[in-house]
Number of protein chains: 2
Amino acid sequence: MTEDYSQYPKHLVAVDCIIFGFDGENLKILLVKRNFEPQMGEWSLMGGFIDSHETSDEAANRVLYTLTGLENIYLEQLKCYTEIKREPTARIMSISYYALINIEKNIQINEQYSAEWVELKKAPDLIFDHNDMVKDAVARLRRRASTGPIGFELLPEKFTMKDLQNLYEAIFDEKFDKRNFTSKINSMDILVNTNEKDMTSSRKGSFLYRFDEKKYNKKTSQGFMFKI
Amino acid sequence: MTEDYSQYPKHLVAVDCIIFGFDGENLKILLVKRNFEPQMGEWSLMGGFIDSHETSDEAANRVLYTLTGLENIYLEQLKCYTEIKREPTARIMSISYYALINIEKNIQINEQYSAEWVELKKAPDLIFDHNDMVKDAVARLRRRASTGPIGFELLPEKFTMKDLQNLYEAIFDEKFDKRNFTSKINSMDILVNTNEKDMTSSRKGSFLYRFDEKKYNKKTSQGFMFKI
DNA sequence: GCAAAAGTGTTAGCCATACACCCATGG
DNA sequence: CCATGGGTGTATGGCTAACACTTTTGC
């Protein structure tokens with residue numbers, strides 16, 4: 001006896017992306033203004049339907065590429081939302097993904113979508129269950145950021161210690177002590193000082209660091225655990 | 001302009017359940033022997049297709065009820081698996097759920113499914129990507145167990161300190177020091193000593209405890225954090 | 001020379017860990 | 001009375017958190 005799949009219902013399945021960026025001061029998310037019904041003109045996450053020939057990961061990457069032109073972005077599946085009435089016009093499941101992008105990269109945001117970076121804290125109400133998706137994504141981001149070096153995805157290649165601290169303060173919405181933060185980071189020994197200075201923020205200038213991924217991987221394979 | 005959904009492909013979407021139980025010594029999972037093709041006769045997780053009128057949570061609860069007759073079980077969504085060829089005969093997405101059940105409850109396992117409790121460590125190879133699902137579920141269980149009181153879902157209402165320690169040792173696959181474990185649990189002050197003794201395990205007998213959920217909730221709302 | 005941000009160490013309290021003996025009881 | 005598992009306290013080292021002054025340099 002072979003299973004006859006035709007008796008089972010099929011479903012529309014979409015992906016929605018929570019795209020995080022950091023401008024040096026605030027965490028932001030990239031939102032689009034819907035240019036189609038339902039809820040045309042309202043703010044939402046960027047999403048798209050999953051095609052028959054692609055996985056949800058591929059669909060999320062495609063959606064991200066379509067909007068930003070970026071590839072090889074940090075992207076992680078979060079959760080599948082399946083409430084029957086989560087969209088008013090049809091039963092659509094959606095798998096949420098969150099992405100981390102360096103906001104300074106030359107992003108050519110596709111004009112077609114009226115996308116905007118908005119501060120996470122000041123984000124407008126979103127359609128459907130997209131507010132829940134964002135909330136879940138922030139929780140996941142915090143957890144990942146505290147246990148792994150994903151914060152660097154949000155920074156340019158070279159960054160100051162202050163940038164890094166600002167980033168973590170934005171992610172956790174919490175202030176840290178400068179000396180404790182610096183020595184914790186330094187004690188992990190996963191950054192390299194480029195010996196270049198960023199002279200834009202002060203007269204004295206502040207050193208620029210790079211995340212040393214090779215070193216991090218090596219240390220990790222020897223039992224090291226990132227922890228903030 | 002309203003979106004025309006008919007142009008988008010629809011998908012079969014299933015749920016698969018990783019059902020954990022604890023027998024006092026070992027963590028177990030409930031597996032079924034497939035009685036239909038493909039891969040008839042091989043071990044797999046218990047699963048089922050999502051119907052048009054139900055959410056994935058409801059489908060998972062239904063699958064669990066069908067197999068065990070149990071309702072109101074701890075159940076949490078894990079991840080959506082969408083590889084095109086994850087099943088050989090059709091493109092089927094699957095949302096995994098993990099469940100925690102008290103193995104001592106009068107479970108009437110539905111004979112129809114040839115289900116068996118097997119020790120997690122000795123689990124056979126499973127079909128499709130079910131091995132990955134189990135691995136992901138164990139990781140999630142460990143995380144949840146270390147930060148919340150979900151372990152009690154796996155124990156009978158009354159349990160000894162030894163039971164509790166055995167449980168956490170099984171979950172984390174790691175031995176703990178008896179005195180440190182006891183004092184950590186006691187310092188959280190979320191158990192009540194029933195002043196009954198379990199006389200089956202020793203001459204002296206060991207006290208039976210209950211998890212005090214009310215107290216836990218109250219403490220939690222005041223900032224308490226469970227931590228093991 | 002002064003304003004503004006960068007950089008840098010020490011201390012005290014807390015928590016995690018390591019560790020061993022007496023107790024109660026049934027047989 | 002003895003064998004078996006149950007129950008209990010202390011000391012140490014490491015980590016976290018609190019805290020303030022000096023340096024550099026452009027203006």
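Chain letters run A, B, ... following the sequence lines, proteins first and then strands; every chain starts at 1.
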Does B:Tyr216 have B:Lys214 sitting over its ring (NZ/CZ under 6.0 Å from centre, angle to axis within 45°)? no
Whole angstrom value for the distance that separates C1' of C:dC23 from CZ of B:Phe207: 12 Å
When you measure from the side chain of A:Ser206, which nucleotide among C:dG7, D:dG26, D:dG9 comes out closest? C:dG7
Could you tell me whether a side-chain N or O of B:Gln165 sits under 3.5 Å from a main-chain N or O of B:Phe181, the two making a donor and an acceptor? no
Give every pair of a protein N or O atom and an N or O atom of nucleotides 12-15 of chain D that lie under 3.5 Å apart, one pair per line with the distance.
none

Ignoring hydrogens and angles, answer whether the base of C:dA18 and the side-chain atoms of B:Arg179 contain a donor-acceptor pair closer than 3.5 Å. no
Would you say the side chain of B:Lys178 and the base of D:dG7 hold a donor-acceptor pair, judged only by whether the two atoms sit under 3.5 Å apart? yes
Go nucleotide by nucleotide along DNA chain C from the 5' end; which of A:Ser183 and A:Ser202 gets its closest nucleotide reached first? A:Ser202
Hey, which of these two, B:Lys204 or B:Lys227, hits DNA chain C nearer its 5' end, going by closest nucleotide? B:Lys227
I'd like to know if A:Lys162 and A:Asp198 make a salt bridge, using a cut-off of under 4.0 Å between side-chain N and carboxylate O. no
Do B:Lys33 and B:Glu116 meet the salt-bridge criterion of a basic N to acidic O distance under 4.0 Å? no
Starting from the 5' end of DNA chain D, give me the residue, A:Lys184 or A:Met199, whose nearest nucleotide shows up first. A:Lys184
Take A:Phe211 and A:Leu191 through the test side chain to side chain contact (heavy atoms under 4.5 Å, CB included) and record every step on the way to the result. CA-CA 5 Å; A:Phe211 171 53; A:Leu191 298 188; 4.2 Å; yes
A:Tyr81 pairs by side-chain hydrogen bond (donor to acceptor under 3.5 Å, both in side chains) with which of A:Asp136, A:Asp16, A:Asp129? A:Asp136
